**Student:** 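Here it is: the structure, laid out below.
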Amino acid sequence: MLGSLTDRVPLTTAALAVLTLSALYALARFSPSSRIHNHCQALQAGGWWADAAALVWQPQGCTLKQYKYADVARCLQRPLGAGANGSYALFVGDSTVRNKFYAWARLIDPDLAAQSEEDGKVHADISVRWPGEPGVAAMFHWDPFLSSNTTAQVLRRAYNETLPQPRVLLMGAGTWFLRRPVESGGTVGWRRAIDTAVQRLAASRRPDARAIADHVYLSPVTHVVPDKLTPERRAVLDPEAIHWMNAYLQAADLPVLSSWSDMERTRPDATLDGLHYSRAFEDVAINVLLNRVCNRDTISPRPPFRTTCCFEYPPPVRFVTAYAALTLLLIPALLYVRARRPTLALLRVVPGADTLRQLGVFGAILLLMYVCDRTPLFEKLQKHFVGWVFAALSLASLAAGAATWQHADKTGAFLGRAQTDEWKGWMQLVILAYHLMNASGVAAIYNPVRVLVAMYLYMTGYGHCCYFYSKRDYGLRRLTAVLLRTNVLAVGLAYVMGTSYMDYYFAPLSSIWVLIVWLTMRIAPAANYTRLVWAKLAASACVFSAVNRWHLWPFALLERLGVSWSEREWEFRFGTDIFIVYVGMATALLVLQHGQQLQAHPRWPQLRRWAILAAALGLPLYFYFELTRESKFEYNKWHPYIAPVPVLSFVVLRNATEHLRSHSSSMFRSAGLISLELFIAQFHLFLAADTKAVLVLVDSRLWFVNLFFTTMVFVAMCRLLGSASGAITAWLMAPVSPEPESADVIPMAELPHAPERPRALDRLAADPSLPARIAQGLARARILDNLALRWALGLALLIALNNHYY
């Protein structure tokens, strides 16, 4: 648990123990064979229904890509080796294989595939062409006994213009051997056909032989549901015989898609006649085959990596290698030198021991994220929405928060620090559950979560406006410290993980709004204390609304500098909450300028009651409004204008009484203190595949057990990241030049009977070495204390690293 429910040392110790055991377990199962560690074999061998009702199939330890027409075209329309010209998929077998063909064809041309099914072509060959092109995309050859001349031609690799070499070959048969044992020879005849296929496939694997196809797979004999079979089929389709046939396939040296058997065995309700399965079911099955065949050709070798089945992670770029060397070798070496030779001149430009330790912790956790999300060591699970699980997680968090409700603020101030930390904490827990359960597709949950982001930005406007108004500090130092603290983790992850800084959207979004609040208050600061401040807020809102609407952000300049950020995504993120920050600033100004006067007004009790009543009505009215929108896309159009209603309603209700203002949940407060780290680190440590999957540290089938231990590790690492990020910010903000020595410093007296110092040391002290002189010169370089220069040098360094390594 968070906060007061645990102590930092035990939590960190427990997290490190879990990490150690998880890593040892993963290493023990890790195989150098790419087919195993990239989960190709697991994808082909089996899996389970993560959500049987929604037909969400989960292979062991990896995530699937959902294939569409463009992906299939990219996979098939590629030149084959040895001068072959085939770019199609060939299906050979009985009606169960024909259904797989139809599922493949629906991805190529849904209308044509549907027409073919309606035409009633049963025991006939069928083909589907690429839309608008003469070439064949997929072909089905009816051969329930695998004995036709065409099948023999394929197995002998005797291709010609009429039958070119396919890129993908799927064969399958079995039920017809049982239905017509006299004609086919029954199970003996089936075994003879399979043995022939084994021999032909083995011959095609010789180095000097022509391949049957780039990818050859066998479909297992379909699992039947006797209760749904017709009497005629029930009499001949013996489940025990089918089980024996599939066991024989497993024992043979054949690439069998055994996962299809697992699918059928665990979803008997997906078939109406006991033999043929539904279209939706077959679509999921053929998607597994496409992942096995096409992932290497269709998945980009550059992050983000959202599909991990049958995918080989690229090796780390040079920056990651250098970063690992810096973290694991250089920092420990510097700590050792500092401990053994603390007076070494070169150490004057090296951070102190505490800062070095924090840099080491920060770097080690980023490398841990790299191992979790950029290597196949730890498994990943697909995310899918389950309503009762989302509700259970939300209620459990609420109960834990209520259990830690306590007095925290003696002043009982409006939107006090304890209250805002609590606010950030429970919102972040909801967002974690939202991402974990893939709830973005549920509009009734997506819409309120959009309000949570608006609440964060409301606090940004409120808090920073209060600071600038009260402190009158518009200098770069405080602004720089805030921006560094907000961005150090996001920027570090962008370079280590090879992602875009914009992927961690809250960091840039919060940063730009801090700059806007600062700029709004910085221009004509004297007006902040007059009525003109409202004109300033209105003018700022108009200017930046125009910038966003008229696409005036400097993305073209960034593109020239080698920085590729999505302008469309940024404009959506910025525009969706474009007014809520100004609402926060307006609240701050009202509280600071008129708060005491309002409370002293004789009608304040009446006004307070009306405000509480309006807020109590505002929340249900908001939920009614958002639930009645047709889709979340329709809601997004209204969100900038409707979001202030639930935000201000919550603020009023949360501060309605003295008790509510002075009390808060310690667990939520603890989460709020590391809310920034919780939001950003979840991309690669709580979740995986850049938030598109769930990280597995324990066992992929023990979902709740894995969630418990992963959460333990995640929270502990975020707490360490929070401390490290603060230390790094303080180090980056520290002056480079040393403070002048005080005239009152008294030199230490010589020790009695001290041994005579060697003259060589006197010569070294009188004539320091070149590294020492360089260190002294850098230490005295006061020019580096200029924050504007540091900004320029820092941005130039980041752009140079981006262009050189990415």
Side-chain angles (χ1 to χ4, degrees), residues 398 401-402 405-430 447-467 469-470 517 533-534 537 541 577-627 638-665 668-669 672 675:
L398 179 62
W405 180 263
Q406 59 187 218
H407 189 275
D409 191 342
K410 296 180 180 180
T411 64
F414 176 81
L415 285 179
R417 178 62 183 269
Q419 185 185 145
T420 55
D421 285 339
E422 177 205 68
W423 193 0
K424 291 186 290 185
W426 69 258
M427 287 193 300
Q428 186 54 56
L429 295 181
V430 173
N447 299 341
V449 169
R450 290 288 334 141
V451 173
L452 300 188
V453 177
M455 286 177 168
Y456 270 105
L457 296 177
Y458 171 87
M459 282 189 278
T460 298
Y462 179 86
H464 290 289
C465 184
C466 283
Y467 176 86
Y469 187 94
S470 302
V517 173
V533 69
W534 302 104
L537 261 63
D577 296 301
I578 197 165
F579 299 121
I580 195 65
V581 175
Y582 295 104
V583 175
M585 294 178 69
T587 305
L589 292 171
L590 285 173
V591 171
L592 293 171
Q593 292 181 349
H594 306 290
Q596 294 182 353
Q597 298 175 15
L598 284 172
Q599 293 183 49
H601 196 280
R603 292 192 176 182
W604 167 248
Q606 182 181 0
L607 179 62
R608 175 175 164 273
R609 285 193 296 269
W610 279 108
I612 294 173
L613 177 62
L617 292 174
L619 283 178
L621 286 174
Y622 163 77
F623 281 108
Y624 173 79
F625 177 84
E626 66 97 359
L627 288 171
W638 289 94
H639 178 78
Y641 314 102
I642 199 69
V645 173
V647 173
L648 292 176
S649 296
F650 174 82
V651 169
V652 171
L653 294 176
R654 183 63 181 83
N655 292 271
T657 67
E658 175 70 24
H659 178 82
L660 289 175
R661 291 194 298 274
S662 61
H663 286 69
S664 60
S665 165
F668 290 154
R669 289 201 311 271
S675 60

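What you see is a predicted model, and the numbers here were worked out from it, not measured in a lab.
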**Student:** Applying side-chain hydrogen bond (donor to acceptor under 3.5 Å, both in side chains), name anything that partners S675, two or more places apart in sequence or on another chain.
**Tutor:**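 Per chain and number, S675 pairs via side-chain hydrogen bond (donor to acceptor under 3.5 Å, both in side chains) with no residue.
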**Student:** Around atom CD of Q596, are there more than 12 heavy atoms from other residues, nucleotides or ligands closer than 6.0 Å?
**Tutor:**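 It does not: Q596 CD has 12 such atoms or fewer within range.
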**Student:** Passes side-chain contact (heavy atoms from CB on, under 4.5 Å), L415 versus V591? Steps please.
**Tutor:** CA-CA 10 Å; L415 285 179; V591 171; over 6 Å; no
**Student:** Output the distance between atom CZ (R669) and atom CD (Q406), rounded to the nearest 0.5 Å.
**Tutor:**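 Answer for the CZ-CD pair, R669 versus Q406, is 5.0 Å.
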**Student:** Measure the shortest side-chain to side-chain distance between S664 and Q419 over non-hydrogen atoms and say whether it is less than 4.5 angstrom.
**Tutor:**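 Of all side-chain heavy-atom pairs linking Q419 with S664, none is under 4.5 Å.
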**Student:** Tell me if a side-chain donor or acceptor on E422 pairs with a main-chain N or O of S665 at a distance below 3.5 Å.
**Tutor:**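 Here the side-chain-to-backbone pair exists.
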**Student:** Could you tell me how the ring of F625 sits relative to the ring of W638: parallel (under 30°), tilted (30 to 60°) or perpendicular (over 60°)?
**Tutor:**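 Aromatic pair F625/W638 classed perpendicular.
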**Student:** I want to check something: taking the side chain as every heavy atom from C-beta on, are P448 and F623 in contact at a cut-off of under 4.5 Å?
**Tutor:**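 They are in contact (side-chain heavy atoms under 4.5 Å apart), so the answer is yes.
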**Student:** To the nearest 0.5 Å, what is the distance between CG on N447 and CG on L627?
**Tutor:**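 Between N447 CG and L627 CG, I get 7.5 Å after rounding to 0.5 Å.
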**Student:** Give, for atom CD1 of I578 and atom OH of Y641, the distance between the pair rounded to the nearest 0.5 Å.
**Tutor:**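 Separation between the atoms: 8.5 Å.
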**Student:** Could you tell me whether the side chain of H639 reaches within less than 4.5 Å of the side chain of V451, counting heavy atoms only?
**Tutor:**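 Side-chain contact under 4.5 Å: yes.
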**Student:** Distance-only check: which donor-acceptor pairs under 3.5 Å involve side-chain atoms of residues 456-465, not counting sequence neighbours?
**Tutor:**
residue, atom, partner, partner atom, Å
Y456, OH, K424, O, 2.8
Y456, OH, Q428, OE1, 3.4
Y458, OH, T587, OG1, 3.0
T460, OG1, Y456, O, 3.1
H464, ND1, R478, NH1, 3.0

**Student:** At their closest point, which heavy atom of S470 faces which heavy atom of L592, and how far apart are they?
**Tutor:**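 Looking at all heavy atoms of both residues, the shortest contact is OG-CD2, 4.1 Å.
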**Student:** Using 0.5 Å steps for rounding, measure from the CZ atom of R450 to the CG atom of D577.
**Tutor:**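 Answer rounded to 0.5 Å: 5.0 Å.
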**Student:** Check the pair V645 / L621 against side-chain contact (heavy atoms from CB on, under 4.5 Å), numbers first and verdict last.
**Tutor:** CA-CA 9 Å; V645 173; L621 286 174; 6.0 Å; no
**Student:** Quick test of your reading of the model: are R417 and D409 salt-bridged, counting only N-O distances below 4.0 Å?
**Tutor:**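 Looking at R417 and D409, the cut-off is not met.
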**Student:** Mind checking the CE-CG spacing from M585 to L590? Nearest 0.5 Å is all I need.
**Tutor:**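 Interatomic distance, M585 CE to L590 CG, rounded to 0.5 Å: 12.0 Å.
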**Student:** Minimum heavy-atom separation for V647 to A454, with atom names?
**Tutor:**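 Smallest interatomic distance, heavy atoms only, reads CG2-CB, 4.4 Å.
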**Student:** What donor-acceptor contacts under 3.5 angstrom involve side-chain atoms of residues 602-619, with partners at least two apart or in another chain?
**Tutor:**
residue, atom, partner, partner atom, Å
R608, NE, A656, O, 3.2
R608, NH2, A656, O, 2.7

**Student:** If you round to the nearest 0.5 Å, how far is CD of Q593 from CH2 of W534?
**Tutor:**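 With rounding to 0.5 Å, CH2 (W534) is 6.0 Å from CD (Q593).
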**Student:** I need the minimum non-hydrogen distance between R654 and H663, along with the two atoms involved.
**Tutor:**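 Answer, listing the atom of R654 first, then H663: NH2-O, 2.8 Å.
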**Student:** Is any side-chain heavy atom of W423 less than 4.5 Å from a side-chain heavy atom of V651?
**Tutor:**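 Touching, per the 4.5 Å side-chain cut-off.
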**Student:** Counting distance only, does the side-chain N/O of R661 pair as donor-acceptor with the main-chain N or O of N655 below 3.5 Å?
**Tutor:**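 Here the side-chain-to-backbone pair exists.
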